[in-house]
Structures are given as structure tokens and as C-alpha cells.
There are 2 protein chains.
Amino acid sequence: MMSERPTIADVARVAGVSKGLVSFALNDKPGVSVETRQRILSVASELGWKPSMRARSLSSRRAYAVGLVIARDPGIIAADPFFPALIAGIEIALAPAGQVLVLSMVADEEAEIASYRQLVENDRVDGVILTDLRTNDARIALAVELGLSAVTLGHPDIPSPFPAVTVDDAAGIRAAVAHLVALGHTRIAHVGGPSRMLHGSRRRNSFLAALAEAGLSGELAIETDFSSADGARVTADLLALAEPPTAIVYSNDPMAIAGMSVAQRAGFSIPQDLSVTGFDGSDLGNFTNPSLTSVSTQVQEWGRAATDALLRVIAGEDVVDVELAPAQLVPRESSAGPPRT
Amino acid sequence: MMSERPTIADVARVAGVSKGLVSFALNDKPGVSVETRQRILSVASELGWKPSMRARSLSSRRAYAVGLVIARDPGIIAADPFFPALIAGIEIALAPAGQVLVLSMVADEEAEIASYRQLVENDRVDGVILTDLRTNDARIALAVELGLSAVTLGHPDIPSPFPAVTVDDAAGIRAAVAHLVALGHTRIAHVGGPSRMLHGSRRRNSFLAALAEAGLSGELAIETDFSSADGARVTADLLALAEPPTAIVYSNDPMAIAGMSVAQRAGFSIPQDLSVTGFDGSDLGNFTNPSLTSVSTQVQEWGRAATDALLRVIAGEDVVDVELAPAQLVPRESSAGPPRT
DNA sequence: TACGGTGACTAAACCGGTTCAGACGACCCC
DNA sequence: GGGGTCGTCTGAACCGGTTTAGTCACCGTA
């Protein structure tokens, strides 16, 4: 019963060399002859030796883990398929590197800052993925202050020393508007996220720009908190207007789905009386009635690429910004020509 | 510019005592006089000393972290609000204890086993939360083999040395059936999860038992993989029967929502022609048309309680099973009396 | 032949905590 | 007054790796 796990000292003893040399051999460092390296490696695998992450962490001052802090209302997170997809992507890149994800979910921005500080003070992570960037985001300065490595999902609106991994979601909004314009719509509304969030304001701006390009007015661009509840409320408001829009571009799928329900309750047929588009192209939209025209962003690939970049930053490499395939329109049943008046 | 972080040796030097005594004082161990303890504590806080988790981990052989491995298809996870709520609950219990969550998301059961092994071999976690229990679940034996602490979400169907934290979801299914029976339904179908998953088969059994109690036949209990797609497919099959059911009890909300869409497409009005109930009482169901009668399980509280129990197991306490408030029916618009024939 | 350089290797320090054996004085008891 | 107990504290070992300084044999060269 060899219950104790072998240490590097056991390997050294059996191989007849010093601890230090074993360490060199196992980390592919120079200064070890080919035969000795061979012998050490075979002894190590014979003994079933695995390095102790704890000891390695202490002496190398690394955590071999990356952090993700999600700061949103749990209710909103639960409805939004974005995060599971992101995490799945992160995992794909992390696993082969022998690293793990430390996840923190907090309710507000104050707790978010505290969470990053905890992560660093407690030596939990070597770097973080910054998602849901906000205008003038304090986390950039915080990461710098804490000496953290980081990558941002999207370009911040302030100077940042960290690589940005971006998906051109503006292209998706433009495609959605172009799609609706091509169908003949002229009164198009936008139900977007909080303007404090960069992707909220960026999508809103792209929406306005696309409308302007088509010679249309963008007066119906409304801001929400990204929740289904807000999506429903705003939709009701829009449809109660004297001249309601004939199409609504939503900034995420949960709001679009809630909006469709509200519209249908109010007696609007979709897409006959109202066209609707979502954002993020979640699977959910395939199973609504009608199915939801949406914009797909390959969230999983985004997570994978961001993690890849982060690991290289942590390793000290120079990493340049990464631009992924732009968001693409996925036309389904919820969009059609405007009602004939 | 005091850039280096103070160590326990610094505190000892300034306080004029030995390293060991500082450690005792800071961990509330006996053998330190009140005045000395006071002095040490004040020196520590003056210096802004924070224990190094890495060093502490190495010498105490603990990770101060717990693991959660989610093994489901990413698409299914994304649609299901269960996991975000669970994680939010876990976080609530973890943060005050200074511990963190290491999350792993894998696609299949093989990767799942490998993931647990990695977590342990790499000293990542002190314990794990076992969710989505399956029949004869190999993870129980695996955790024992690896010497992991654990808690299970629900009772396993095999002997387990780990405390179980349970929510009586059977009560929820019974309540849903009772609700439908009271409304006058006699042909009630069940669209449930995989029978390999314990909550899948348990809900199915409760469904059958509840029907039997009401003197009804349970021939329409169908098994799915929990995905929206499967929910849609099975619903279509059920409605195509010569004598379709007048009510369907779904085992999660995404399937119920997909099922409603399919039914509506097929010309069924809900709830006039078909009543529908979901499971897990997600916020989503508030914003469908009609809103979804569902069963609420307080998932967040489940995660909190499970984490609490796990931390106590890790601390070596004797922990007994915890039984949370049973699942409760949340009646909304999708259920009503059967159509008059 | 003396010398500098190089490759292979060892010993020991180090990372920053925890823990254990033992020193020491104060106190108590018989 | 000698011995035992208790509370307080020290010094050193320990956790299991990484890293640095230094030893030693061997080589080619002037």
C-alpha cells in the first residue's frame, strides 16, 4: 500500500541524482545530459509522480489559474445563454494547458471590485478575462494596479495595456437593420442594453448609423437593463405609441423573446404586424413561435480565443489584438415585410 | 515605496516574537497570551499583512477551494437557467469563507471523470459538489477513491458516504399533476429528462404515482435529453396522437417553452386546447405567451446550502443530510381546464 | 603545461506559511 | 524544598517544488 504520493525527492533518490536536476529535467531546462534526462523521466513515470501544484505555486509564484468575474443580477445571467457559452469556450482553451477557471459571480460593481482584489490578494489567479466592458471601465486601472494580466472582450473606450479580443457586433446590428430595410421597413426601433455597457452603447450607435445610412430616423432607440422584464416593458411602451414601429431590433435574445410575447398579447401578429430580431443567436430562438431572427456571435469561440490570448500574456509573450469573425445575421421567421397600411 | 508584500516573518520581527507564535495568534490557536495576541494582530494589520494562500496551501495541504464539474452539452446548459442560479448560490456561501469556486464544464462523462481526477491530482480543490446525479453514479466511488470531500445534490440511488442536500422535487411534480387533475384533466402526459439522471427518473416516477393515485393512466411518459429540441420533437409526437393529451407536464422550462411553441404552431391554443407546466420556475416563464405555470425549486438556496454543507464536511464536521423546502407549484396562465369535447 | 571555457551535476537557499518538540518561568501542592 | 503542571513562547523541521552558486571533470588552445 503505497498511499503517499511520490515527491520530487523520491524521484531524485531512485534516479540517483539531486532534486534540482530532476526539476531541470522535468521542465525541459538545459544542463541535463540526454541519458540522465531519459532516466529521470522514466523513473518519474514509473513512480507515477505528478508535480504538486501547491509547491510549484509557492516557489514559482504563479497560480496556474485564470479568473472570470461576472457582475450582473443573477436573474439576468440565468436568462442569458451568453455566459455558459463563454465559459465552455474558456474551458476548451484552459484544459489542455493544465489550468483551471476560477469563477466568481457577484451582484453589483462594488462586489465586483472586491472580488478582483480578493482573487489577487489570495493568489488565486494569474490573469483575468474582462467581460461586459463599461464606459471608462475602472477594472482596467484596477488590473494594472494589482499587477494582473488580462484580456478584454472587446475594445475598451480608454487606453488599455491589455490585448482586446473582439467580435464585430456592430456588423451584426448593421446586418439586422439592412435586412429589415430591405424588407421595406421604415419605422424601426432598437431595444438595447445599458449605455454604460460598451456593447450596449456600441450596438445602439451602430443601429443609429445604419438607420441614418438608410435615410431613416432613429428616434426609437430605447435603453434597458438587458432583462426580460425590461424588454417586455419597453416593448409595451413602443407598441402603445400613436405610430408604433413595424420592426424592433433587440440587443439580446431574452428581451426579444419577451418582446414577442408582449406584442402577441397586444394583438400583433409576428411577423405580419411586427418584425423582431434578437442578438446572440441562441438555440432558444429556434423554439419560439415564430422562430427568432437573430445575430450570431460565436460566443464559444470568443471565449476560447480570449483564453488563448490571456495564457500567452501570462507567459510573457507580446500579444496583439485578435479580431474574430464578425457577427452574422441568422434570418428565421420573426422578420418579414411591414404590414401594408 | 514598500512594494513587497509583508510576510509572516516581517510581522514576527516587528512584534518581537517568533514566526510560530504569529501563526498561532492569527489562527486563534491556544497558547498565546491575550496581550501578545493583541500586539501581533495590531502589527499585522498595521503592516497590511495578508496570509499567502500559496504558502498556506502548501503547508496545510488544503486548496481552500471547491469544485463544480458540469457535464452536459453546452447548448443544453446555455438554455437552462439552473446552473447560473446554482452557481450564484454557491458563491454566496463561498465568499464569506474566503474560498473560491473552480468551475469545469465538459461535454461528456468521460471528460467528466478526467476532470475530477485533474482537479485532485493538481490539488485544485478540497471538495466537490456533485450535481445531476445519475443511476449508479460512478462519481461517488471516484470521490471516495480520490479521498475527496463531497456533497450530493439529491440522494444517490447507491450507498454514499457524503451528505445529500435535497429539494423534494417529487412534491413539485405531484403538485403539478394535482393542479391539472383538479382542473379536470384526465389525459396528462409527461416529458421528462433522461432516466439515467436520477432527477429524470424520480420526476417520472412521481408523475406516474400521482397519476395512479388519481386513477389515471400514465402511458404518456416520454423520455428526452432535456434539450429544447427534444422537447419540441416529443411534443409534436404527442399532439399527433389520435387522442392527444390535454395537458403536458414538462421536466424543465426550456422544453416547456419549446413545447408551447410547437403546440401553438400546430393550431392548439394554450391553455384552451392544451395545458402546460414547466419545472424550475425560471424567470423566463414570466415572459412567454401565455406565461408558464411552473414548479419552483429555489435553486439558488440549494447551491448555498450545499456549499455550506460541503465546507463543513471539509472542516471535518459530521454533517447530516439537509432537506430544503419542497418544490412549489407556481400557477400562471398556461394551465386551465381541458377543452370541452 | 598551464589556462580558460563549457557541460553536467550537487548542495543549499528559498518561497511563506504550519506544526511540533522542548525551554522556561510561575504557580501549586504535599 | 522538591517535583509536577500549566501557560507562554522559541527554534527548527516541514510542506514540495524552483533557482542560484559553486564543484568537478573534461576539452581545446596558446
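Every chain is numbered from 1 and lettered A, B, ... according to where its sequence line falls, protein lines coming before strand lines.
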Please classify the nucleic acid contact of [X] as base, sugar-phosphate, or nothing, using heavy-atom distances under 4.0 Å.
| X | result |
| --- | --- |
| B:S23 | base |
| B:T36 | sugar-phosphate |
| A:V22 | nothing |
| B:R54 | nothing |
| B:S52 | sugar-phosphate |

Dump every N/O contact between nucleotides 20-23 of chain C and the protein below 3.5 Å, one line per pair.
none

B:S57 versus B:R62, closest heavy-atom pair with distance: OG-O, 2.9 Å
Closest contact, heavy atoms only, B:D126 versus B:A63: OD1-N, 2.6 Å
Side-chain N,O (A:K29) to OP1/OP2 (D:dT19) below 4.0 Å: yes
Short side-chain N/O contact to C:dC9 OP1/OP2 from A:S33, under 4.0 Å: yes
Check: A:R124 main-chain N/O paired with A:N122 side-chain donor or acceptor under 3.5 Å: no
Main-chain N/O of B:V32 paired to B:T36 side chain as donor or acceptor, under 3.5 Å: no
Output the single nucleotide from [options] whose closest atom is nearest the side chain of [X].
| X | options | value |
| --- | --- | --- |
| A:I8 | C:dT19, D:dT18, D:dC15 | D:dT18 |
| B:S18 | D:dG17, D:dT19, D:dG11 | D:dG11 |
| A:W49 | D:dG17, D:dT10, C:dT18 | D:dG17 |
| A:R61 | D:dC15, D:dT18, C:dG16 | C:dG16 |
| A:R56 | D:dT10, C:dG17, D:dT18 | D:dT18 |

Throw together a table of side-chain donor-acceptor distances under 3.5 angstrom for residues 308-315 of chain B, partners on residues two or more places apart or in other chains.
{"unit_1": "B:D308", "atom_1": "OD2", "unit_2": "B:R304", "atom_2": "NH1", "d": "3.4"}
{"unit_1": "B:R312", "atom_1": "NE", "unit_2": "B:E317", "atom_2": "OE1", "d": "3.1"}

Length of the [atom1]-[atom2] vector between [X] and [N], whole Å:
| X | N | atom1 | atom2 | result |
| --- | --- | --- | --- | --- |
| B:R62 | C:dG17 | CZ | P | 17 Å |
| A:N122 | C:dG17 | CG | P | 12 Å |
| B:R5 | C:dC15 | CZ | P | 14 Å |
| A:L26 | D:dG16 | CG | P | 16 Å |
| B:L21 | D:dG7 | CG | C1' | 12 Å |
| B:I40 | C:dG17 | CD1 | P | 14 Å |
| A:Q38 | C:dA8 | CD | P | 14 Å |
| B:R39 | D:dT8 | CZ | P | 13 Å |

Between side-chain atoms of residues 41-49 of chain B and protein atoms elsewhere (two or more places apart, or another chain), which donor-acceptor pairs fall under 3.5 Å?
{"unit_1": "B:S42", "atom_1": "OG", "unit_2": "B:R39", "atom_2": "O", "d": "3.0"}
{"unit_1": "B:S45", "atom_1": "OG", "unit_2": "B:S42", "atom_2": "O", "d": "3.4"}

Helical bend (five base pairs per end, nearest 10°) for the helix from C:dT1-D:dA30 to C:dC30-D:dG1: 60°
Stepwise side-chain contact (heavy atoms from CB on, under 4.5 Å) test for B:I77 and B:M105: CA-CA 10 Å; B:I77 298 173; B:M105 222 166 106; 3.7 Å; yes
Mind listing the side-chain donor-acceptor pairs of residues 143-159 of chain A below 3.5 Å, one per line with the distance, residues two or more places apart or on another chain?
{"unit_1": "A:E145", "atom_1": "OE1", "unit_2": "A:R117", "atom_2": "NH2", "d": "3.3"}
{"unit_1": "A:E145", "atom_1": "OE2", "unit_2": "A:R117", "atom_2": "NH2", "d": "2.3"}
{"unit_1": "A:T152", "atom_1": "OG1", "unit_2": "A:G154", "atom_2": "O", "d": "2.8"}
{"unit_1": "A:D157", "atom_1": "OD1", "unit_2": "A:N136", "atom_2": "N", "d": "3.0"}
{"unit_1": "A:D157", "atom_1": "OD2", "unit_2": "A:N136", "atom_2": "N", "d": "3.1"}

Side chain to side chain contact (heavy atoms under 4.5 Å, CB included) partners for A:E112, two or more places apart: A:V69, A:A71, A:V106, A:E109, A:Y116, A:R134, A:R139
5'-most by nearest nucleotide on DNA chain D - B:R37 or B:S59: B:R37
Worked check of side-chain contact (heavy atoms from CB on, under 4.5 Å) between A:Q300 and A:I92: CA-CA 9 Å; A:Q300 185 167 323; A:I92 289 172; 3.0 Å; yes
Side chain B:K19 and base D:dG11 donor-acceptor under 3.5 Å: no
A:D123 and A:R61 ion-paired at < 4.0 Å: no
